[in-house]
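Heads up, the thing below is written out as structure tokens.
Basis for what follows: all heavy atoms, side chains included, without hydrogens, waters or symmetry-related copies.
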Amino acid sequence: MTTRPRTALAALTLLACLLPGAAACSHSPAPAPSTSPAAAPQTSAVPAAEADAHLLPGMPPPLDPHDLYAADRPGQLADAVRDFPSRVYVPNTESDTVSVIDPATYQVVDTLHVGHQPQHVVPSWDLKTLWVNNDLGNTLTPIDPATGKAGGTVDVHDPYNLYFTPDGKYAVVMASADRQLVFRDAHTMAVVKSVPADCAGVNHADFSPDGRYFIVSCEFSGEFSGELLKVDTASMTVLAKQALPQHGSMPQDVKISPDGRTWYVADMVAGGVWTLDGDTFGPPTLLPTGKGAHGLYVSRDSRSLYVSNRDEGTVSVLDFATRTLTAKWRLPDGGSPDMGGVSADGKVLWLSGRYDAEVYAISTDDGHLLARVPVGAGPHGLCVYPQPGRYSLGHTGIFR
């Protein structure tokens, strides 16, 4: 298994829009770099050509070699999304609907009828479309975020979750029941290659700093569960697989640290997040956060990771620099915080209440509950939109 030299990954320079085929630049200019976290590691620079050579061809380079989320600063919206109304799109798995919330009033302003068992609302790579993953309906429903209206469905089998390769060429459908990663054309959704996952419940993922590989969680319990896959982006092949060391593990959301050195994987059964080195794909270490650890969200200043602990109604706050927990926010009267995202200004963490037919708006200042919004049954992977960033890697919003 070939890995990328860490010095090369750390030395990606501010070259946005210079790579051939960096299509993101045609949609919006790269915003100015922002200040990196104080504790971000520093490395010496290398020639631009050498740094470019390690990137997935066609991928826009990171704005800041020390902070993968530098494009996600508060209010830093791309031109493509700047005029979209601010909304929270909530897929209700048991109601076959999407509730549309106005975050300014905490009110549901529309209900969209979609396919059977919608799981996640996913921003497209070019930021112009939101895709509703109708898992058991075997379709995707596009939403125009300019109008908030749904379009005609597209046939896609078993779309439990959806990601996009950093070069914008392919959508990666997490076909959970089919045990496949299905690479499709990012625009037409035509199948390019189906890759057997050889594990149960492929679901969440994130990409390496150079875009060359991504790590996938296999969340189902039972045989061939509790595993992680490392996948080569260009060749569309599984490079390696490992089982998490705790029996019965159910790995969920996956996020990479701002400096690109550490991967975090939430685990509902282990009650915390696993940390590992993605390059070596070595054994992980568990950091306990809370019962039913599920969703992972990066703060707008790249300093903190919010961890939703679904089975105890809490959110843990982890400091990236020290890898320690700095706070635990508890929902009054309980709840089941699941999937969501951070508001464009970074002030509100929005999470679905999976088993309570509600959505939580949580202040990121001190964790107090701003609102509970009633929605349909079984709310899951809600999407806060628009959010800052130049392009989307998928899920409920992973922006670079």
Legend entry - Co-members of the apolar cluster containing Val348 [side chain, <4.5 Å]: Val88, Val90, Ile101, Tyr106, Val108, Trp350, Val359, Leu370, Val373, Val375, Leu382, Val384

Legend entry - Option passing ring pair (Phe, Tyr, Trp, His ring centres under 6.0 Å) with Trp125 (candidates Tyr391, Phe164, Tyr170, Phe399): Tyr391

Legend entry - Asp333/Arg372 under side chain to side chain contact (heavy atoms under 4.5 Å, CB included): CA gap, chis, key distance, verdict: CA-CA 11 Å; Asp333 302 319; Arg372 288 179 188 260; 4.0 Å; yes

Inset, instruction - Return the set of residues passing ring-ring contact (aromatic ring centres under 6.0 Å, His included) with Phe207 (not counting sequence neighbours), or none when no residue passes. - result: Phe214

Legend entry - Residue list, salt bridge (Lys or Arg N to Asp or Glu O under 4.0 Å) with Asp110, at least two apart or on another chain: Lys149

Inset, instruction - Could you tell me which non-hydrogen atom of Asp167 sits nearest to which non-hydrogen atom of Pro57, and how far apart they are? - result: CB-O, 3.5 Å

Inset, instruction - Check Arg87 against Pro103 and note the closest heavy-atom contact, atom names and distance. - result: CA-CD, 3.8 Å

Inset, instruction - To the nearest 0.5 Å, tell me how far Ile215 CD1 sits from Ile256 CD1. - result: 7.5 Å

Legend entry - Met339: hydrophobic cluster co-members (side-chain, 4.5 Å): Tyr297, Tyr306, Val315, Val317, Trp329, Leu331, Val342, Leu349, Leu351, Tyr360, Ile362, Leu369

Legend entry - Listed partners of Arg184 passing salt bridge (Lys or Arg N to Asp or Glu O under 4.0 Å), at least two apart: none

Legend entry - With Leu287, the side chain to side chain contact (heavy atoms under 4.5 Å, CB included) member among Val307, Leu318, Thr324: Leu318

Legend entry - Distance in Å, Asn309 CG paired with Thr289 OG1, rounded so as to fall on 0.5 Å steps: 4.0 Å

Legend entry - CG on Leu56 to OG1 on Thr233, rounded to 0.5 Å: 6.0 Å

Inset, instruction - Mind telling me whether His294 and His380 have parallel, tilted or perpendicular rings, with 30° and 60° as the class edges? - result: tilted

Inset, instruction - Could you pull out all residues at least two apart from Lys291 that satisfy salt bridge (Lys or Arg N to Asp or Glu O under 4.0 Å)? - result: none

Inset, instruction - Could you pull out all residues at least two apart from Val298 that satisfy side-chain contact (heavy atoms from CB on, under 4.5 Å)? - result: Tyr69, Leu305, Phe320

Inset, instruction - Assess whether side chain to side chain donor-acceptor pair (under 3.5 Å) is satisfied between Glu312 and Thr314, documenting all intermediate values. - result: CA-CA 6 Å; Glu312 66 176 32; Thr314 67; 2.7 Å; yes

Inset, instruction - Considering non-hydrogen atoms only, spot the tightest contact between His204 and Asn161 and give its length. - result: CD2-ND2, 3.8 Å

Inset, instruction - Check whether any side-chain heavy atom of Asp158 sits under 4.5 Å from a side-chain heavy atom of Gln180, and report yes or no. - result: no

Inset, instruction - Please check if any side-chain donor atom of Asn203 sits under 3.5 Å from a side-chain acceptor atom of Ser176, or the reverse. - result: no

Inset, instruction - Quick one: name the residues clustered hydrophobically with Tyr355, using the 4.5 Å side-chain heavy-atom rule over I, L, V, M, F, W, Y, and just say none if it's on its own. - result: none

Legend entry - Pair Gln387-Arg300, side-chain donor/acceptor within less than 3.5 Å: yes

Legend entry - Beyond-backbone contact of Asp135 with Pro159, side-chain heavy atoms, under 4.5 angstrom: yes

Legend entry - Validation row: Ser99, Asn92 side chains within 4.5 angstrom (heavy atoms): yes

Inset, instruction - Quick one: do Asp232 and Thr237 satisfy side chain to side chain donor-acceptor pair (under 3.5 Å)? Show the steps, please. - result: CA-CA 5 Å; Asp232 186 277; Thr237 56; 4.9 Å; no

Legend entry - Interatomic distance, Arg261 atom CZ to Ser208 atom OG [nearest 0.5 angstrom]: 14.0 Å

Inset, instruction - Decide whether Met174 and Leu136 are clustered together by the hydrophobic rule: side chain heavy atoms of Ile, Leu, Val, Met, Phe, Trp, Tyr closer than 4.5 Å, transitively. - result: no

Inset, instruction - Give a yes or no on whether the backbone of Asp279 and the side-chain of Lys230 come within a donor-acceptor separation of less than 3.5 Å. - result: yes

Inset, instruction - Return the set of residues passing side-chain contact (heavy atoms from CB on, under 4.5 Å) with Ala243 (not counting sequence neighbours), or none when no residue passes. - result: Glu227

Inset, instruction - List the atom of Cys383, the atom of Pro123, and the distance in Å for their closest heavy-atom pair. - result: SG-CG, 3.8 Å

Legend entry - Donor-acceptor contact present, side-chain Ser257 to main-chain Thr262, <3.5 Å: yes

Inset, instruction - Dump the intermediate steps for side chain to side chain contact (heavy atoms under 4.5 Å, CB included) on Val154 and Thr139, then the final yes or no. - result: CA-CA 5 Å; Val154 177; Thr139 60; over 6 Å; no

Result block: side-chain N/O donor-acceptor pairs under 3.5 angstrom for residues 268-276, not counting sequence neighbours:
| residue | atom | partner | partner atom | Å |
| --- | --- | --- | --- | --- |
| Trp274 | NE1 | Asp267 | OD2 | 2.8 |
| Thr275 | OG1 | Thr285 | O | 3.3 |

Legend entry - Arg354: partners by salt bridge (Lys or Arg N to Asp or Glu O under 4.0 Å), with sequence neighbours left out: Asp338

Legend entry - Minimum-distance pair of heavy atoms, taken over all atoms of Pro118 and Asn134: CB-OD1, 3.6 Å

Inset, instruction - Evaluate the side chain to side chain contact (heavy atoms under 4.5 Å, CB included) criterion for residues Asp259 and His66: first the C-alpha distance (whole Å), next the side-chain angles of each, then the deciding distance (0.1 Å), finally the verdict. - result: CA-CA 5 Å; Asp259 64 8; His66 312 302; 5.7 Å; no

Inset, instruction - Check whether any side-chain heavy atom of Leu229 sits under 4.5 Å from a side-chain heavy atom of Cys199, and report yes or no. - result: yes

Legend entry - Criterion salt bridge (charged side-chain N to carboxylate O under 4.0 Å, His left out) against Arg73, the qualifying member of Asp301, Asp64, Asp67: Asp67

Legend entry - Exam field: side chain Ser95 to backbone Thr97, donor-acceptor pair closer than 3.5 Å: no

Legend entry - Under 3.5 Å: donor-acceptor pair, side chain of Thr93, backbone of Gly378: yes

Inset, instruction - Check whether any side-chain heavy atom of Pro258 lies under 4.5 Å from a side-chain heavy atom of Leu68, and answer yes or no. - result: no

Inset, instruction - Would you indicate whether the side-chain heavy atoms of Asp198 and Pro196 approach each other to under 4.5 Å? - result: no

Inset, instruction - Report yes or no: do His116 and Asp96 form a side-chain donor-acceptor pair below 3.5 Å? - result: yes

Inset, instruction - Any ring-ring contact (aromatic ring centres under 6.0 Å, His included) involving residues 131-163? Give me the pairs, sequence neighbours left out, ordered by first then second residue. - result: His120-Tyr160, Tyr163-His395

Inset, instruction - Indicate yes or no: at least one non-hydrogen side-chain atom of Asp253 is less than 4.5 angstrom from one of Tyr264. - result: no

Legend entry - Spatial distance of atom CG (Asp178) from atom OG (Ser194) [nearest 0.5 Å]: 8.5 Å

Inset, instruction - Please report the C-alpha distance between Val81 and Tyr385 in whole Å, then the side-chain angles of each, then the deciding distance to 0.1 Å, and finally whether the side chain to side chain contact (heavy atoms under 4.5 Å, CB included) criterion is met. - result: CA-CA 9 Å; Val81 306; Tyr385 211 70; 3.6 Å; yes

Legend entry - CG on Asp366 to NE2 on His368, rounded to 0.5 Å: 5.5 Å

Legend entry - Nearest non-hydrogen partners of Leu228 and Pro251, listed with the distance: CD2-CB, 4.2 Å

Legend entry - pair Leu181-Met236: side-chain heavy atoms closer than 4.5 Å: no

